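A short write-up of the structure that comes next.
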Amino acid sequence: MRSGKSCFDSGVFRKSVKRFWPVWALYAFVWFIALPLGILNNSHQLPEPGSVSYYAVDAVTTTGIWLCPLAACAAAMAVFSHLYNERSANFYAALPVRRGAMFASCAAAGLLPLLAVNVIIFLLSLLLASVGGFADPPSLWQYLAGSTLLVTAFFGIAAFCALLTGNAVMMPLLFAAVNVAAWALGEIAVMVPMNFSLGFRYGSVGHWADIFSPLVSLLGRLHYDYSYPAGPSGEPVCGIGGWNWLIIYAAAGIVLLLIALAFYLRRDMETAGDVVAVPPLRPVFKAAAAVLAAFLVGNLIYDLGFAEADDLGHAVIYSLCMAAGAFLGWFAAEMLLEKSFAVFRPRGFIGWAAVSVLCAAFVLGCELDVTGFERRVPDSADVVRVELSTGAEFLTFSNPADTALVTELHADCVESLEDSERGETVMNFYLDYELRDGSVLRRQYALGSNDTAFIAELDAFLNRPEIILKRNGGVDYLSPAAVYSANVDWRSEPAGGAGETLSLSAGEAAELYNECILPDMRDGNIGLAHYAVPTWEWQAGVMSCEINITVPSLELKGSSAYLSFTPTAESARTLAWLEERGVEPLTLAESEGGLYGPEV
């Protein structure tokens with residue numbers, strides 16, 4: 001009579017659950033403090049509408065996002081710990097249990113207790129809330145679903161990492177690397193285009209890298225969602241936002257668990273103690289270590305030893321720094337794999353050289369603009385909306401005529417800065433395009449003290465009459481009822497003398513703005529921007545005077561906006577109105593450094 005094949009061994013399962021009970025106990029203890037005890041201690045507040053939903057969601061998005069990965073890693077490390085000791089590995093291999101059944105029993109012993117704890121905490125929280133008279137089962141169901149998906153996702157990742165290595169120290173390090181390495185590498189890798197690609201802006205390539213770092217991704221995507229339907233009594237309900245990502249990562253965890261099973265079925269028990277237990281993945285481990293070290297160590301060497309620049313010579317130096325970092329990463333990984341310092345063999349240098357060449361290609365590709373990134377300026381017909389910013393100015397354009405002018409300014413910027421020596425940075429210039437195909441194009445340019453031609457062109461663009469009004473609040477008529485406060489600050493004595501202040505009534509402020517400032521703005525004589533390096537001639541034409549008017553914000557209801565103007569010598573109406581009230585300011589040249597900034 002043939003014996004049947006078993007896919008599960010209850011003895012291994014029970015022994016593993018009992019042996020590693022401290023893991024489940026600690027996991028349950030932390031959850032008990034986070035949710036049931038939190039409900040109990042705050043029972044006096046919980047009758048308020050939506051309170052239980054807040055605690056349930058907070059338990060998942062604040063506690064669970066950290067607790068579940070730690071618990072899953074500890075559980076996987078515990079139930080697969082026999083793989084990290086040669087004696088234990090041989091003992092488990094000698095048991096009359098099929099490998100598939102052994103894996104299923106160990107995996108179940110790690111995952112099911114965690115899920116059971118989630119159910120117990122759910123029931124206990126529901127009981128406490130029911131006894132207190134503020135039961136909210138839908139919100140607590142969200143806790144149960146969220147914590148279950150988190151545990152499933154991270155246990156699958158942890159089991160996969162547990163099967164990749166035969167070393168107990170490497171397992172949690174691998175788990176941490178899988179959860180953050182892609183994000184970290186993406187954050188570090190952008191240093192290259194930031195240094196060597198004209199116009200590159202941090203965040204302009206999106207945040208795709210963190211998708212491959214589950215913990216980082218969920219930290220940014222799990223959130224409180226207040227769009228849930230109100231409760232039966234009309235009370236607000238807070239829910240978990242980001243369910244789609246939870247489901248995606250839980251599904252990925254299940255897939256990784258199946259891959260871990262495939263590794264377990266083919267595992268050589270002699271790999272106990274090895275840093276990488278899957279031979280085909282050893283070159284991948286060395287390459288990953290070399291690439292990570294190339295960016296980390298290479299960038300550190302470059303920053304410590306060489307001045308920042310963006311010419312070809314510095315790109316070559318940066319490539320050499322990355323090659324040095326790759327050397328450390330490659331051969332350090334080789335030493336870990338071989339458990340020896342005798343790793344400097346010709347074959348090893350080939351792998352290191354390949355990684356170094358790829359890194360150099362990336363750096364030089366950015367410097368030489370092989371993709372055309374630097375020269376890309378969108379066609380104005382493709383632009384739906386563009387935001388221009390200088391840090392002090394935030395302007396949005398959607399009119400085709402205006403977007404055409406902005407794209408022309410952008411093209412001039414690229415042409416002007418392409419071959420210029422920057423000098424000391426004096427300002428930053430940002431462009432954000434929304435294109436008709438739904439894509440977004442972002443650029444950032446650091447304008448230096450030598451970029452005088454383009455800065456003058458930027459000043460001219462910002463000081464076109466129709467843009468002056470837009471930059472200065474866009475108020476084409478000011479009602480006295482809209483004025484919260486107003487005052488004029490000026491200097492009538494050279495440096496060292498005290499400044500003077502005149503407070504204006506709401507009516508006076510409205511009169512000054514409507515009859516003087518507004519016409520002067522339309523003539524291009526007040527409200528000007530000046531980012532070029534100040535000259536004596538410029539200071540001789542700008543008054544040491546500042547007019548400040550506080551009005552309601554047009555963008556944010558209930559808040560205030562501030563209109564500020566510095567008259568020029570050509571602001572005839574404004575200066576005449578001020579003179580009638582005893583305000584006779586000197587010019588900036590006469591006062592030797594009065595009240596002035598980029599806005600004039």
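As the structure is a computational prediction, the values presented were derived from the model and not from experiment.
The local environment of CZ in Arg87 is sparse, with at most 12 non-hydrogen atoms from other residues, nucleotides or ligands closer than 6.0 Å. Residue Phe91 qualifies as open at atom CZ: its count of foreign heavy atoms under 6.0 Å is 12 or below. Under a cut-off of 6.0 angstrom, the local environment of OH in Tyr92 is crowded, with over 12 non-hydrogen atoms contributed by other residues, nucleotides or ligands. In this structure, Arg99 places its CZ atom where more than 12 heavy-atom neighbours from other residues, nucleotides or ligands lie under 6.0 Å away.
Counting heavy atoms from C-beta on, the side chains of Trp66 and Leu219 come closer than 4.5 Å. No side-chain heavy atom of Tyr143 sits less than 4.5 Å from a side-chain heavy atom of Ile240. By the 4.5 Å heavy-atom criterion applied to side chains, Leu70 and Phe154 are not counted as neighbours. Here the side chains of Ile65 and Val60 are not in contact, with every heavy-atom distance at 4.5 Å or above. Looking at heavy atoms from C-beta onward, Leu257 lies out of side-chain contact with Phe160 at the 4.5 angstrom threshold. Between Leu163 and Arg267, some side-chain heavy-atom pair lies under the 4.5 Å cut-off.
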Show every donor-acceptor pair shorter than 3.5 Å between a side-chain atom in residues 164-171 and any protein atom, with sequence neighbours excluded, or say none if there are none.
unit_1, atom_1, unit_2, atom_2, d
Thr165, OG1, Asn167, N, 3.0
Thr165, OG1, Asp274, O, 3.3
Thr165, OG1, Val275, O, 2.6
Asn167, OD1, Val169, N, 2.8
Asn167, OD1, Met170, N, 3.2

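The structure places CD1 of Ile247 at 7.5 Å from CH2 of Trp243, a figure rounded to the nearest 0.5 Å. Separation of atoms CG (Leu337) and NZ (Lys286) is listed at 6.5 Å; rounding is to 0.5 Å. Interatomic distance, Ser147 OG to Gln142 CD, rounded to the nearest 0.5 Å: 11.5 Å. We find the OG-CD1 distance between Ser217 and Ile248 to be 8.5 Å, quoted to the nearest 0.5 Å. Distance check: Lys15 NZ to Phe20 CZ gives 9.0 Å after rounding to the nearest 0.5 Å.
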Checklist entry - Given Phe344 and Phe331, is the ring pair (Phe, Tyr, Trp, His ring centres under 6.0 Å) satisfied, shown in steps? => result CA-CA 8 Å; Phe344 299 101; Phe331 287 103; 4.9 Å; yes
Checklist entry - For Tyr302 and Asn195, what are the C-alpha separation, side-chain angles and deciding distance, and is it a side-chain hydrogen bond (donor to acceptor under 3.5 Å, both in side chains)? => result CA-CA 11 Å; Tyr302 180 81; Asn195 280 324; 5.6 Å; no
Checklist entry - Taking it one step at a time, do Phe122 and Trp141 satisfy ring pair (Phe, Tyr, Trp, His ring centres under 6.0 Å)? => result CA-CA 8 Å; Phe122 163 76; Trp141 274 112; 4.7 Å; yes
Next on the checklist: Applying side-chain contact (heavy atoms from CB on, under 4.5 Å) to Phe200 and Val190, what does each step give before you reach the verdict?
Outcome noted: CA-CA 9 Å; Phe200 183 85; Val190 297; 4.1 Å; yes
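Shown here for Leu198 and Glu374, the closest heavy-atom pair between the two residues is N-OE2, 2.9 Å.
Of the listed residues (Val30, Leu150, Leu26), just one forms a side-chain contact (heavy atoms from CB on, under 4.5 Å) with Leu67, and that residue is Val30.
Both tests do not hold together for Arg221 against Tyr249: distance to the six-membered ring centre under 6.0 Å, angle to the ring axis within 45°.
Between Trp352 and Phe327, the two ring planes are perpendicular [angle over 60°; tilted spans 30° to 60°].
With respect to Asp432 and Arg201, a salt bridge is recorded, a charged nitrogen being found less than 4.0 Å from a carboxylate O.
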